[in-house]
Amino acid sequence: MTELETIRHSCAHVLANAILRIWPEAQFAAGPPVENGFYYDVELPHRISPEDFEGLEKEMSSIVSEAQPFQREVISRDEALAMGERGELAGLSPRPEPSKFKLDIITRIPEGEEITLFRNGAFTDLCAGPHVPDTSKIGAFKLTHVASAFYQGDEHNPQLQRIYGTAFATAGELENYFALLEEAKKRDHRKLGKELGLFHIDDAVGQGLILWTPKGAVIRQELQNFISVELRKQGYSQVFTPHIGKIGLYKTSGHFPYYKESQFPAIPEPDQLERIASEGCGCAEMTARLEAVSETFAATLNERAGKDIVGTDRVMDPTRLLDGFMLKPMNCPHHIKIFASQPHSYRDLPVRLAEFGTVYRWEQSGELNGMTRVRGFTQDDAHLFVTEEQVKSEIQGCLALVKKVLTTLGMSNYRVRVGLRDPDSSKFTGDPAQWDLAEAACREAASTLGVPFSEEPGEAAFYGPKIDFVVKDVLGREWQLGTVQVDYVLPVRFNLSYTGADGRDHVPVMIHRAPFGSLERFTGVLIEHFAGDFPVWLAPEQARVLPVSEKVADYARKIVSQMTEKGIRATADLSPEKLGAKIRLAQLDKVPYMIVVGPKEEASNQLSIRSRKHGDEGAHASDAFILRLESEIRDRTLTV
């Protein structure tokens, strides 16, 4: 644990201690540190609410002031079970009721593994640690909210109360944390998206499915235009693929049925569906017949891979198999089929195929979150088919593209992580020697970025290692955005080849890359990063002309027309409202430039400019200001 996690872990024990002082009958499960604080799961007849927090925090402060030492003690399994039966674990003393959740946790500890307790004051808990030396070292803390949680995350288990809190080494850090939370509420993309009219989610369409409004569509189109220019510079070819594909395509790739929990259900062909319905086929049997493969299919795929990647348990008589379609969970199988549609020589490689491809993933309703966690999203996806010798340089080209995107958008605070395979896991497929080559290429490419990178075993995709860009926004929150992945597996599964200089067939290496990740998630992050104050090149409305009266309405229209001809997104507020009201409305709409025109400006062919950054900038010649605006848009200037 980090120092901060240790403080928070210790604070969770203090919380449990405080709860027991008030409600001695409380039963406790787990109390770990988490990303932004800590929690403890408790079973208690009394329903804890925020109204109880003041009393709990007062009791916690008393425990902290007592400077109770945290004392570690190693005990035997029998001793731990005996203490649990006496109700002493997560208790202040023996109790009539056993510590039932702690007893269950003991049964989950592997035989031979050390079992430890931690005591502070009268409180004793089953715990592996670590903890601060004593309770006075906890610093500043605050309880935040209460939620419900099933024990062990299983809906068949008892539902517990999860009491959340946070803690920091100093009161200043705690105060700053809550200030950032308040700022995050103001920047919430769900709130700003609605206020600014950028996107809409409608129950009639479906949760997790984004409707891009005209204003939001402008942002999306600008992002696509930006990346498209860069792609052309790097020699990519644009492709388009359908939103569905046959099940066999994803059986070959390995996406189905191994990742079916995160995919929409397969869609049987209508005639087959009608036939099996007449046969009385149930849902479980239908699913099995959709997921199964023929003996020939399994043998072909296993031969390509050089080992058994499709087990005999999936093989079924071909006459019982069902065919159908899937909503596309990934773009890569479609791009593979485009590559395979014609022969290739080593002289043709690299082949770089790019697409703004929409894919669909099944997310639980509780996991959906505005634009950042959705069920349908568009990736700025690309797949490169390269020779072994080209892998390193092409990875570097992909990383340079991601870096260009982040730099242009002012997201310069990021770290890089290299996801590697876990040799002990069965999740990862392919030749270990090829994995070694791919991981070495990723490490070497990441080292050229000039930023620190971490290696994370077990975080690779099932088909190869990857490089992720983890970006910190202005509030210090981390978002995983751009990604680059190396793949030796899918080219083998799909039997891809190119003719080498030796005249023989060779298998290409495949590189997956998506600088934005998904346009929905990326836009949601941008809304919060900029707090809706988009740089002028991204702003849905770049300038608004505000006539002081109806007398200069024609001049306002003329200015808008001149700007529109130059490709500037400009409008005029021709309402009868007073100028102050028009300015306030434009500010609420977060328009980068407000252009005030009256008789004086019309007579001199000038414009009075108000910008977000500088406020009143005074009068400017209309031609000069339009040139300035064109320059800021062209150069993708970040601030206005």
* Looking at CD of Gln379 and CE of Met330, how far apart are the two atoms once the value is rounded to the nearest 0.5 Å? -> 6.5 Å

* Identified side chain to side chain donor-acceptor pair (under 3.5 Å) counterpart of Thr241 within the set Lys328, His335, His334 -> Lys328

* Asked: Is it true that Lys392 and Glu444 have a side-chain N and a carboxylate O under 4.0 angstrom from each other?
  -> yes

* Asked: What are the two closest non-hydrogen atoms of Val218 and Leu538, and how far apart are they?
  -> CG1-O, 4.5 Å

* Asked: Side-chain contact, heavy-atom cut-off 4.5 Å: Asn369 with Glu367?
  -> no

* Could you tell me whether the side chain of Thr637 reaches within less than 4.5 Å of the side chain of Pro535, counting heavy atoms only? => no

* To do: Of all the heavy-atom pairs spanning Val552 and Val597, show the shortest one and how long it is.
  => CG2-O, 3.5 Å

For residues 191-205, please give each side-chain donor-acceptor pair under 3.5 Å, one per line with the distance, not counting sequence neighbours.
| unit_1 | atom_1 | unit_2 | atom_2 | d |
| --- | --- | --- | --- | --- |
| Lys191 | NZ | Glu195 | OE2 | 3.2 |
| His200 | NE2 | Asp202 | OD2 | 3.2 |
| Asp202 | OD1 | Ala204 | N | 2.8 |
| Asp203 | OD1 | Gln207 | NE2 | 2.3 |

* Partners passing side-chain contact (heavy atoms from CB on, under 4.5 Å) against Ala171 (at least two apart in sequence or in another chain) -> Ala140

* Using the side chain to side chain donor-acceptor pair (under 3.5 Å) rule, collect all pairs that involve residues 577-590, keeping only residues at least two apart or in two chains. => Arg544-Asp589

* Asked: So, Lys551 and Glu602, do they make that salt bridge, N to O below 4.0 Å?
  -> no

* To do: Apply side-chain hydrogen bond (donor to acceptor under 3.5 Å, both in side chains) to Glu550 and list each qualifying residue two or more places apart in sequence or on a separate chain.
  => none

* Asked: To the nearest 0.5 Å, what is the distance between NE2 (His145) and OG1 (Thr166)?
  -> 10.5 Å

* Asked: Can you find a pair of side-chain heavy atoms, one from Pro599 and one from Val548, that are under 4.5 Å apart?
  -> yes

* Are a donor atom and an acceptor atom from the side chains of Gln396 and Ser393 found within less than 3.5 Å of each other? -> no

* Asked: Which one of Arg513, Arg417, Arg415 satisfies the salt bridge (charged side-chain N to carboxylate O under 4.0 Å, His left out) criterion with Asp468?
  -> Arg417

* Structure fact -> In this structure, OG of Ser608 is separated from CG of Asp616 (nearest 0.5 Å) by 7.0 Å

* Smallest separation among heavy atoms of Leu638 and Gly410, with atom names -> CD1-CA, 3.5 Å

* **Heavy-atom closest contact (Gly376 atom, Leu209 atom, distance)** => N-CD2, 3.8 Å

* Asked: Hey, does Phe469 have a side-chain heavy atom less than 4.5 Å from the side chain of Val416?
  -> yes

* Asked: Run the salt bridge (charged side-chain N to carboxylate O under 4.0 Å, His left out) check on Arg220 and Glu520 step by step: do they pass?
  -> CA-CA 8 Å; Arg220 172 173 169 156; Glu520 285 76 8; 3.7 Å; yes

* Structure fact -> When rounded to the nearest 0.5 Å, the distance separating CG of Leu607 from CG of Leu629 is 10.5 Å

* Arg8/Glu5 ion pair, N-O < 4.0 Å -> no

* Can you list every pair that meets salt bridge (Lys or Arg N to Asp or Glu O under 4.0 Å) and has a residue in residues 561-573, with sequence neighbours left out? -> Glu222-Arg569

* **Check ion pair Arg477-Glu528 (N to O, under 4.0 angstrom)** => yes

* Report yes if the side chains of Lys466 and Val484 come closer than 4.5 Å at any heavy-atom pair, otherwise no. => no

* To do: May I ask you to check whether Ser228 and Asn225 show a side-chain donor-acceptor distance below 3.5 Å?
  => no

* Structure fact -> His529 meets the ring pair (Phe, Tyr, Trp, His ring centres under 6.0 Å) criterion, sequence neighbours left out, with none

* Working to the nearest 0.5 Å, report the span between CD of Gln224 and CZ of Phe356. => 4.5 Å

* Asked: When the ring centroid of Phe522 is compared with that of Trp479, is the distance short of 6.0 Å?
  -> no

* Which residues pass the side-chain contact (heavy atoms from CB on, under 4.5 Å) test with Leu327, sequence neighbours left out? -> Ile244, Phe264, Tyr360

* Structure fact -> Tyr236 meets the ring pair (Phe, Tyr, Trp, His ring centres under 6.0 Å) criterion, sequence neighbours left out, with none

* Residues which pass ring pair (Phe, Tyr, Trp, His ring centres under 6.0 Å) with Phe38, listed by chain and number, not counting sequence neighbours -> none

* **Tyr414 side chain near Val470 side chain, heavy-atom distance below 4.5 Å** => no

* Do the side chains of Leu15 and Tyr164 get nearer than 4.5 Å, heavy atoms only? -> no

* Asked: Given the rule in the salt bridge (charged side-chain N to carboxylate O under 4.0 Å, His left out) test, do Glu394 and Arg352 qualify, once you have shown the distances and angles that lead to the verdict?
  -> CA-CA 10 Å; Glu394 290 299 317; Arg352 307 181 185 97; 2.9 Å; yes

* **Side chains of Thr6 and Leu4 in contact at under 4.5 Å (non-hydrogen atoms)** => no

* Structure fact -> Applying ring pair (Phe, Tyr, Trp, His ring centres under 6.0 Å) to Phe530 and not counting sequence neighbours gives none

* Asked: Run the ring-ring contact (aromatic ring centres under 6.0 Å, His included) check on Phe168 and Phe141 step by step: do they pass?
  -> CA-CA 6 Å; Phe168 290 88; Phe141 61 86; over 10 Å; no

Between side-chain atoms of residues 177-184 and protein atoms elsewhere (two or more places apart, or another chain), which donor-acceptor pairs fall under 3.5 Å?
| unit_1 | atom_1 | unit_2 | atom_2 | d |
| --- | --- | --- | --- | --- |
| Glu182 | OE2 | Lys185 | NZ | 3.2 |
| Glu183 | OE2 | Arg187 | NE | 2.8 |

With a cut-off of 3.5 Å and sequence neighbours excluded, list every side-chain donor-acceptor pair involving residues 399-409.
| unit_1 | atom_1 | unit_2 | atom_2 | d |
| --- | --- | --- | --- | --- |
| Lys403 | NZ | Leu449 | O | 2.9 |
| Thr407 | OG1 | Lys403 | O | 2.8 |
| Thr408 | OG1 | Lys404 | O | 2.8 |

* Asked: So, Lys215 and Glu541, do they make that salt bridge, N to O below 4.0 Å?
  -> no

* **Arg634 to Trp537 six-membered ring, cation-pi geometry met (6.0 Å, 45°)** => no

* Structure fact -> Value for CZ (Phe385) from CD (Gln390), rounded to nearest 0.5 Å, stands at 13.0 Å

* Residues Arg628, Glu632: salt bridge by 4.0 Å N-O rule -> yes

